[in-house]
Amino acid sequence: MPSKRGVRKPATEDPLRQIQVLPKLEVGPVQVKRRQIQCPYTVTKHNSISTFNLTYRFEEDVFDPSDPLSVNLASMITAQVAINYGLFCDEILFHDDLDAVDQKFISDMMANTAREIFVLKFLEPNVFLTGKAAHLAAVKKESYLQARLSFHGKKSSSSRDQKSKKSIFWAADKTKHAVLSSGGKDSLLSFGLLKEMGKEVHPIFINESGRHWFTALNGYRYFASTYSETSKVWTNCDRLFAWILRHLPFVRQDFSRIRSDDYPIRLWTVAVFLFGALPLIRKRRIGRLIIGDEYDTTNRTTTEGIVHYNGYYDQSRYFDNVLTRYFFRKAWTVSQFSLLRPLSELLIEKILYERYPFLQRNQVSCHATHIKDNRVFPCGKCEKCRRIVGILKAIGGDPTNCGYTPEQITACLRALPEKGIHQETAGAQHLFYLLKEKELVARAPENVNIKSRPEIARLRFDPEKSPITTVPSDLRRPLFKIFQKHADGAVKRLGRLWTDFNLIDDPEMNAPYLFESKESKSRKKGQASSGPVKTPNPHLLAELSWPEAQKRFKEVDIALLPVGSIEQHGPHLPLDTDAFDAQYLAQKVAEACSEPKPLVLPLIPYGVSYHHEDFSGTLGISPKTLSDLVYDIGMGAARHAVIKLIIINGHGGNIPALQFAAQMINRDAHIFTCVETGETSEKDVNVITETTNDVHAGEVETSTALANRPHLVHTDKLRKYVPRFSSRYLNFSSKRSVEWYARVAKISPTGVLGDPTKASRQKGKKIWDNMIKHLVEFVEDLKTMSLDEIYHRRY
């Protein structure tokens with residue numbers, strides 16, 4: 001379809017080069033004080049250098065300047081503004097200490113934001129643009145990130161290293177909730193709901209240095225005088241945004257005088273505030289960060305063939321998930337979510353007005369406010385004012401409660417049909433339907449079809465935008481019961497239709513929240529004990545009773561199934577080498593994962609070992625037997641609500657049978673199933689070892705045995721036997737090798753295929769560390785994803 005500005009000519013060259021105008025943007029080094037951080041932003045352009053100091057100030061001590069983790073957090077806070085400019089720079093250089101997790105987050109988010117800005121700010125009408133940039137041609141690219149990212153700081157210790165040293169950044173309390181507060185309806189309602197549910201709530205306001213702070217001022221003054229947990233963080237990020245605009249020649253330099261509800265360029269804004277709240281969250285050990293986002297902010301759409309998030313990525317459920325994953329990878333046990341995902345804007349305003357009018361009185365949803373008698377009032381002219389007045393009148397509310405005058409209310413209602421509002425299509429249709437029913441408007445704008453859309457007044461549960469499980473399980477029942485008192489019921493999306501359903505009795509109400517698990521109850525104080533008390537390991541299925549297993553399956557949806565073999569491993573290693581290694585790896589991975597830890601299923605010790613049967617002690621099963629056994633176990637796990645199954649394979653001969661079983665499980669149970677036989681760490685293991693064609697009982701397996709079971713290694717019987725073949729396509733370690741099969745005795749008289757004499761305990765420890773590390777990262781990725789997010793990347 002043509003764009004809103006007409007049919008575009010195909011691009012003959014990359015149009016993005018026209019807006020790549022900044023040779024270098026440098027960020028840092030950050031200066032850290034106990035109550036303040038300051039970070040220079042430096043633009044180098046045409047032999048000129050210009051610097052602006054980004055500042056965050058806190059009302060209490062939140063940093064330790066001598067603590068590397070404090071400095072790392074400060075570095076990530078001050079890096080967020082830069083994520084907006086990957087489209088415009090040749091290079092962005094970060095001078096601060098950012099570890100691999102930080103760097104990946106920044107790179108991914110900058111690539112995502114570059115695409116969003118290109119589509120929303122350059123392919124859509126933008127009053128702030130001038131010159132050729134206002135008419136860029138659409139172009140589809142793999143990545144819209146033009147800047148080369150350089151990280152020159154001394155890298156911080158990885159979160160996993162910190163964890164192993166028992167130096168966790170913060171241990172969070174899930175009963176404490178921080179609400180990122182702005183004075184808008186979403187954060188006001190989130191606070192009111194949590195307070196009513198009896199939770200400890202910390203409203204955290206981010207005080208921009210300019211007039212945008214006026215929107216939050218009424219709310220902040222009320223909370224600061226009423227609730228001691230209220231905090232404010234001052235920042236001049238808005239001045240930094242304006243300073244950078246001065247360096248972009250395609251932006252009109254009178255931008256500050258243009259009246260608009262949109263920012264000229266930036267789209268990565270929420271994180272600039274959100275990261276500023278993290279030092280307070282860390283200090284107070286808050287476990288949950290609440291942002292107020294509604295149903296229609298999770299949206300994927302297409303413009304001229306480019307898939308994007310419609311400019312709402314940092315208000316979407318994808319954003320919540322990616323931030324929580326980032327926090328967990330840093331060992332910051334904080335989860336981020338919105339309470340309001342099932343609600344339309346109209347329903348949010350309705351609940352706030354009807355249930356918490358004392359909070360709604362402080363609502364300011366206008367960015368052109370003014371102060372009168374020490375209180376902030378809305379302008380009554382902008383799109384946001386029209387929308388809020390229209391919604392309040394449609395639900396029978398009184399806009400004067402939040403500062404609108406009768407004259408402003410009349411003017412807003414008169415302007416609604418002429419100027420319209422920015423709202424999801426169904427929401428706008430239903431709003432004008434309600435207003436016309438009340439004879440408050442006679443018609444709607446030309447682009448709005450007046451129509452009753454009853455789902456707007458109901459709780460909407462969409463598997464992508466607003467699943468029930470987006471809220472932690474302990475909040476669901478009290479929260480949804482409050483919602484139902486003000487909504488016209490609940491609907492669930494099935495295909496393209498909304499279907500009524502019984503929310504409170506829905507099985508999904510008991511499903512686990514992906515990012516948290518219930519803590520195991522500790523033994524009561526004073527309980528008699530005759531010695532060490534052994535309790536079941538909650539991530540080992542075999543050790544649980546059936547009620548314990550039932551509870552655990554409600555908390556976690558990912559399982560590890562170790563599969564090995566009982567077969568010869570030369571004259572120097574035990575027969576259960578593959579079985580032990582698979583089980584050991586599965587258990588160590590589960591132990592190293594964050595909560596909720598994956599469930600480790602009991603080991604399948606036997607494998608496909610016919611090719612080792614010429615050596616005594618080998619006990620194998622057929623490929624059919626193994627695949628049938630794994631299939632039955634996988635289907636059983638799926639019936640217990642496991643939707644992600646990782647088969648950890650300790651024996652290469654099992655691969656065909658396991659891959660077949662995995663395919664059948666995926667086909668019949670529709671769950672994610674994969675086979676891991678060392679692929680996640682093979683590249684690193686090859687660097688540690690030196691023997692080619694080392695595939696059985698050689699350098700690798702002997703090293704790993706020396707690392708964890710040295711008493712079972714007969715070091716006096718280590719003998720080298722590295723096979724050589726007549727064709728390079730038969731070499732096991734060749735990248736061009738074909739898969740082929742033979743009885744081992746025809747190749748090696750000892751059963752060894754490699755060089756165990758080069759094995760060492762040190763190599764074995766490195767191999768185990770690498771295998772565990774990469775599998776943990778893989779599990780952590782999978783654990784926090786829905787099946788849809790596995791199939792389609794959500795940044």
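Note that these values count all heavy atoms, side chains included, but never hydrogens, waters or copies made by symmetry. Nothing here was measured: the structure is a model prediction, and the numbers come from that model.
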Next item on the list: With sequence neighbours excluded, tell me which residues meet ring-ring contact (aromatic ring centres under 6.0 Å, His included) with His651.
Entry: His611

Margin query: Once salt bridge (Lys or Arg N to Asp or Glu O under 4.0 Å) is applied, do any residues pair with Asp581, and if so which ones, sequence neighbours excluded?
Written below: none

Check: Under 6.0 Å between the ring centres of Tyr513 and Phe515?
Finding: yes

Note to self: Do Lys195 and Lys199 have side chains that approach each other closer than 4.5 Å (heavy atoms only, starting at C-beta)?
What the structure shows: no

Check: Listed by chain and number, what are the ring-ring contact (aromatic ring centres under 6.0 Å, His included) partners of Phe580, not counting sequence neighbours?
Finding: Tyr584

Using a 3.5 Å cut-off and no angle test, enumerate the donor-acceptor pairs between side-chain atoms of residues 478-492 and protein atoms at least two apart in sequence or in another chain.
| unit_1 | atom_1 | unit_2 | atom_2 | d |
| --- | --- | --- | --- | --- |
| His486 | ND1 | Glu354 | OE1 | 2.8 |
| His486 | NE2 | Arg355 | NH1 | 3.0 |
| Lys492 | NZ | Asp506 | OD1 | 2.9 |

Margin query: Restricting to non-hydrogen atoms, name the atom on Ser190 and the atom on Leu339 that form the minimum distance, rounded to 0.1 Å.
Written below: O-CD1, 3.9 Å

Notebook entry, point to check: Is a salt bridge present between Arg460 and Asp296, judged by a nitrogen-to-oxygen distance below 4.0 Å?
Noted result: no

Next item on the list: Give a yes-or-no answer on whether the side chains of Asn537 and Glu543 include a donor-acceptor pair shorter than 3.5 Å.
Entry: no

Next item on the list: Mind listing the closest non-hydrogen atom pair of Met197 and Leu475 along with its distance?
Entry: SD-O, 4.0 Å

Notebook entry, point to check: How far does CG of Asp462 sit from OG1 of Thr470, to the nearest 0.5 angstrom?
Noted result: 11.5 Å

Next item on the list: Just do the side chain to side chain donor-acceptor pair (under 3.5 Å) check on Ser594 and Lys783 with the steps written out, would you?
Entry: CA-CA 10 Å; Ser594 63; Lys783 190 177 65 177; 2.9 Å; yes

Notebook entry, point to check: Would you say Leu347 and Leu459 make side-chain contact, with heavy atoms under 4.5 Å?
Noted result: yes

Margin query: Give me the atom names and distance for the closest heavy-atom approach of Leu658 to Val675.
Written below: O-CG2, 3.7 Å

Item checked: salt bridge (charged side-chain N to carboxylate O under 4.0 Å, His left out) assessment of Arg288 paired with Asp474 -> CA-CA 13 Å; Arg288 290 172 174 172; Asp474 64 297; 2.7 Å; yes

Margin query: Can a side-chain donor-acceptor contact be found between His202 and Arg284 if the only test is distance below 3.5 angstrom?
Written below: yes

Note to self: I need the minimum non-hydrogen distance between Arg552 and Leu544, along with the two atoms involved.
What the structure shows: CB-CD1, 4.1 Å

Note to self: Please tell me whether Thr333 and Lys174 have a donor and an acceptor in their side chains that are separated by less than 3.5 angstrom.
What the structure shows: no

Checklist line | Residue pair Val201 / Val179, side-chain heavy-atom distance below 4.5 Å | finding: yes

Next item on the list: Mind running side-chain contact (heavy atoms from CB on, under 4.5 Å) on Asn770 and Ile772 for me, showing each step along the way?
Entry: CA-CA 5 Å; Asn770 271 281; Ile772 293 167; over 6 Å; no

Next item on the list: Go through the structure and list residues passing side chain to side chain donor-acceptor pair (under 3.5 Å) with Lys644, not counting sequence neighbours.
Entry: Asp557

Notebook entry, point to check: Do the non-hydrogen side-chain atoms of Met109 and Val322 ever get within less than 4.5 Å of each other?
Noted result: yes

Notebook entry, point to check: So do the side chains of Val270 and Gln315 get within less than 4.5 Å of each other, counting heavy atoms only?
Noted result: yes

Next item on the list: Could you check if a side-chain atom of Thr297 sits within less than 4.5 angstrom of a side-chain atom of Arg341, using non-hydrogen atoms only?
Entry: yes

Checklist line | Counterpart residues, side chain to side chain contact (heavy atoms under 4.5 Å, CB included), relative to Val642 (two or more places apart) | finding: Phe553, Ala559, Ala637

Item checked: His696 and His569 aromatic centres sub-6.0 Å -> yes

Note to self: For Lys773, is there an ion pair with Asp769 - N to carboxylate O distance below 4.0 angstrom?
What the structure shows: no

Margin query: Please check this pair: side chain of Thr324 against backbone of Gln336, looking for a donor-acceptor N/O pair closer than 3.5 Å.
Written below: yes

Checklist line | Salt bridge Lys551-Glu548, side-chain N to carboxylate O under 4.0 Å | finding: no

Check: Is the count of non-hydrogen atoms from other residues, nucleotides or ligands lying under 6.0 Å from Phe501 atom CZ greater than 12?
Finding: yes

Checklist line | Stepwise side-chain contact (heavy atoms from CB on, under 4.5 Å) check, Ile790 with Leu782 | finding: CA-CA 7 Å; Ile790 291 174; Leu782 289 179; 3.8 Å; yes

Next item on the list: Taking only Lys NZ, Arg NE, NH1 and NH2, and the carboxylate oxygens of Asp or Glu, determine whether Lys465 and Asp293 approach each other closer than 4.0 Å.
Entry: no

Check: Would a 4.5 Å heavy-atom cut-off, applied to side chains only, mark Arg282 and Trp332 as touching?
Finding: no

Next item on the list: Apply salt bridge (charged side-chain N to carboxylate O under 4.0 Å, His left out) to Arg709 and Asp576, showing your working.
Entry: CA-CA 12 Å; Arg709 297 199 296 173; Asp576 75 338; 2.9 Å; yes

Note to self: Please check: side-chain N/O of Thr301 versus main-chain N/O of Asn310, any donor-acceptor pairing under 3.5 Å?
What the structure shows: no

Item checked: Shortest non-hydrogen contact from Met771 toward Ser681 -> CG-OG, 3.1 Å

Notebook entry, point to check: Side chains of Ile566 and Thr618: does their closest heavy-atom pair fall under 4.5 Å?
Noted result: no

Checklist line | Exercise: do Asp173 and Thr175 side chains pair donor with acceptor under 3.5 Å | finding: yes

Next item on the list: Can you see which heavy atom on Ala542 is nearest to which on Pro602, and at what distance?
Entry: CB-CG, 4.0 Å

Margin query: Walk me through whether Glu676 and Thr680 qualify under side chain to side chain donor-acceptor pair (under 3.5 Å).
Written below: CA-CA 7 Å; Glu676 211 289 338; Thr680 59; 2.7 Å; yes

Check: Under a 4.0 Å N-O cut-off, is there an ion pair linking Glu455 with Arg458?
Finding: no

Margin query: Can a side-chain donor-acceptor contact be found between Tyr326 and Asp102 if the only test is distance below 3.5 angstrom?
Written below: yes

